[in-house]
Chemist: 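Just dropping this structure here.
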Amino acid sequence: VVEPTASEKDLDLGLADWAPHLLEMVIDASGMTTDMEASFLLRENYTRLSPLIPQGVSLALDDPSTLQRQLEYARNTDIEKAVEFAQRIVAE
């Protein structure tokens, strides 16, 4: 998930300004919709681990040169909530 950084300038974009970001917007919206639906349907039986990636950072999964940065974000992500969720589910 990319960290949002909206400013007043960002809110006054014309077609030429926001069109290059259309694909990212569609992908983000799709992920958010899936998250909301799963959360609504599964309630306490759902959690999502989704580290924030700073704006402008490219972590292409098909580019091996990004692996070290991917690992860095993974290592710095707080997974306590996800671990507690997994422990609770396994215990049931």
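Quick caveat: nothing in here was measured; it's all calculated off a predicted structure.
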Chemist: Mind checking what makes side-chain contact (heavy atoms from CB on, under 4.5 Å) contact with N45, not counting sequence neighbours?
Modeler: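 Here the qualifying residues are L42, R88, I89, E92.
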Chemist: Once side chain to side chain donor-acceptor pair (under 3.5 Å) is applied, what residue pairs with a partner in residues 30-44 remain, sequence neighbours excluded?
Modeler: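 For residues 30-44, and leaving out neighbouring residues, the side chain to side chain donor-acceptor pair (under 3.5 Å) pairs sorted by first residue read D35-Y46.
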Chemist: Identify, with sequence neighbours excluded, every residue that meets side-chain contact (heavy atoms from CB on, under 4.5 Å) alongside L71.
Modeler: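 So L71 forms a side-chain contact (heavy atoms from CB on, under 4.5 Å) with L67, Q68, R75.
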Chemist: Between side-chain atoms of residues 76-85 and protein atoms elsewhere (two or more places apart, or another chain), which donor-acceptor pairs fall under 3.5 Å?
Modeler:
residue : atom : partner : partner atom : Å
N76     : ND2  : E72     : O            : 3.0
T77     : OG1  : Y73     : O            : 2.6
D78     : OD1  : E80     : N            : 3.0

Chemist: Residues two or more places apart in sequence or in another chain: which of them pass side chain to side chain donor-acceptor pair (under 3.5 Å) with R69?
Modeler: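 Partners of R69 under the side chain to side chain donor-acceptor pair (under 3.5 Å) test: none.
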Chemist: How would you list, by chain and number, every residue that makes a side-chain contact (heavy atoms from CB on, under 4.5 Å) with D62, sequence neighbours excluded?
Modeler: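 Scan of D62 (side-chain contact (heavy atoms from CB on, under 4.5 Å), adjacent residues dropped) gives A60.
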